[in-house]
Amino acid sequence: MMTQVRVGISLAHRAALRIAEIVRPLSVAAVVFSAAFLAVTASNSYAAKCDKDDSCTEDTVVLGNNGAILGSSYEVFAAGARKNTKATHEVKGNQTGLASPSGVAITPDAQTIAIANQLGGNVLVFGSGATGNSAPSARIGGPTTGLENPAGVAFLPGNDIAVASTLGAVVDPGGGPPPTGICDPAVVGFSLGVISEFAAGSNGDVTPLNNSPVNGGTRNATIGGCATFLLGPTGLASEPSGKLWAANSFGGFITSYAAGASGDAFPDNIIAGAIAPAFVAVGAAGTEIYVTDLGDNSVKIFDATTFGGKLLGVISGKRTKFNSPMGIDFVGDDLYVANNEANNFVMFDDDAGELDLGGNIRPNVIVRGKHTNMNLPTGLAVPHP
């Protein structure tokens, strides 16, 4: 009988274990984790009931639950979700192919959901109407894809799909002296990770777009190599331009890549300051990024307009309800965060720009309770119309 494991109370232990869950390939015999996902769509009925006091969610959001493998699923919640809200529908069962998914993405029109299926080693695509024990409409996976322990996913312009593999490239100690930078001989054998992009509508064992093989040509990828500074990339986020942001859980920093970047591309930004970054979201104007940090149970906000960035604010403390934040997105003036150990998600309304001040602030909305069916939520996404 498989049992569900909760991490301990220590934040240091929690951060280490949570990152291990994201970046290690797991065997079926080991304790594994599942995922569920959430979508919330704004509507006129919501505006009439909830705008005055922010007592309900305002936007479409996709959320992941990370429990036992047999419970792998995703859920969809209607606009106006609040407190102990029941999902409008849930996708779950042996036909879904879900096996410890981590990252979640949703198209701007909220019609398509993509899941970085960690244990499955693939990306699953579902239509918005999927429910119950539904098979995915597409399954991107196989040796040609180069996917290995996919943990992050994002939709690019035209609905192309970007995927972060935490174990997609390893410096070979027997391959001669590596280049400078993060491929210093002192860290040879360390997993670098790659980012792979796939054309909209891809299905099966397909080659990544702008394929630039790494590891001496043994593994396909779009972005990979020593200069990329990819160190265990987990969460991915995209901008309308096609620019990509990656949370590097091994390195404690966030990197970005210009639209169309490929090969051993040096990041166009490297922002340090997080202890154990897991997931990342881009602010509405593209001038800020929001990062969940498992190292101190916080969300950190950085200026994204200059190389190196600047820490603008830290949201943390008991009032935030953060407990292993492992999913994040920002749309309009709303910040959404999924809390893995608390089995909830929260929304902060940034209508006055007050989030940059950080601090021990209360969310405007918290959705939790047995009716939500959340189970260690991991990964969250919001359509960006």
Side-chain angles (χ1 to χ4, degrees), residues 2-11 13-15 17-22 31-40 55-57 59 61-78 80-92 98-104 113 115 118-119 151 234-235 276 278-279 281 292-294 296-299 315-329 334-348 362-382:
M2 185 170 292
T3 58
Q4 177 175 303
V5 176
R6 298 270 183 172
V7 281
I9 296 174
S10 163
L11 279 178
H13 289 158
R14 177 180 300 157
L17 290 175
R18 281 292 180 244
I19 289 176
E21 288 169 8
I22 298 175
V31 176
V32 292
F33 300 90
S34 67
F37 305 85
L38 149 83
V40 184
S55 62
C56 299
T57 54
D59 308 288
V61 183
V62 182
L63 172 77
N65 291 322
N66 205 323
I69 185 171
L70 296 179
S72 292
S73 64
Y74 75 81
E75 300 170 325
V76 177
F77 291 77
R82 63 189 295 269
K83 297 182 179 179
N84 192 9
T85 300
K86 186 176 181 180
T88 58
H89 62 272
E90 181 180 58
V91 175
K92 179 179 180 179
L98 293 167
S100 190
S102 173
V104 185
I113 295 170
I115 301 162
Q118 192 177 17
L119 189 62
T234 50
F279 292 89
T292 63
D293 194 338
L294 298 179
D296 60 2
N297 224 29
S298 71
V299 168
I315 305 173
S316 65
K318 291 184 178 180
R319 291 182 179 180
T320 66
K321 306 301 180 183
F322 291 159
N323 194 344
S324 293
M326 291 187 64
I328 190 168
D329 210 346
D334 298 324
L335 173 68
Y336 289 85
V337 180
N339 289 290
N340 182 271
E341 285 202 22
N343 286 336
N344 67 37
F345 75 92
V346 296
M347 183 196 85
F348 299 88
R362 297 182 185 275
N364 296 84
V365 182
I366 180 168
V367 178
R368 63 184 174 189
K370 64 179 182 180
H371 294 305
T372 66
N373 216 23
M374 294 186 205
N375 185 14
L376 301 179
T378 302
L380 183 151
V382 178

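Keep in mind that this is a model prediction, so the values were computed, not measured.
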Taking side chain to side chain contact (heavy atoms under 4.5 Å, CB included) as the test, write out the residues that go with Arg362, two or more places apart.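 Result, side chain to side chain contact (heavy atoms under 4.5 Å, CB included) vs Arg362: Arg319.
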
Taking side chain to side chain contact (heavy atoms under 4.5 Å, CB included) as the test, write out the residues that go with Ser298, two or more places apart.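 Only Asp293, Asp296, Lys300, Val314, Ser316 meet the side chain to side chain contact (heavy atoms under 4.5 Å, CB included) criterion with Ser298.
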
Say whether Asn323 and Asn339, considering side chains only, have a donor N or O and an acceptor N or O under 3.5 Å apart.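 Per modelled atom types, Asn323 and Asn339 side chains form no pair under 3.5 Å.
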
Can you give me the closest heavy-atom contact between [X] and [Y], atom names plus distance?
X      : Y      : answer
Leu98  : Val91  : CD1-O, 3.9 Å
Ser72  : Lys92  : O-CG, 3.7 Å
Pro101 : Ile115 : CB-CG2, 3.0 Å
Asn297 : Phe322 : ND2-O, 3.0 Å
Ile366 : Lys321 : CD1-CG, 3.8 Å

Backbone N or O of Val382 within a donor-acceptor pair of the Asp329 side chain at under 3.5 Å?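 Indeed, once roles are kept as given, a pair shorter than 3.5 Å links the two residues.
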
Between Ser102 and Ala151, is there a donor-acceptor pair closer than 3.5 Å when you use the side chain of the first and the backbone of the second?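 It does hold such a pair.
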
With a 4.5 Å limit on heavy-atom distance, are the side chains of [X] and [Y] in contact?
X      : Y      : result
Leu335 : Ile328 : yes
Tyr336 : Val365 : no
Asn344 : Pro377 : no

Nearest 0.5 Å, what's the [atom1]-[atom2] distance between [X] and [Y]?
X      : Y      : atom1 : atom2 : answer
Phe279 : Thr292 : CZ    : OG1   : 6.5 Å
Leu294 : Asn340 : CG    : CG    : 8.0 Å
Arg368 : Asn343 : CZ    : CG    : 11.0 Å

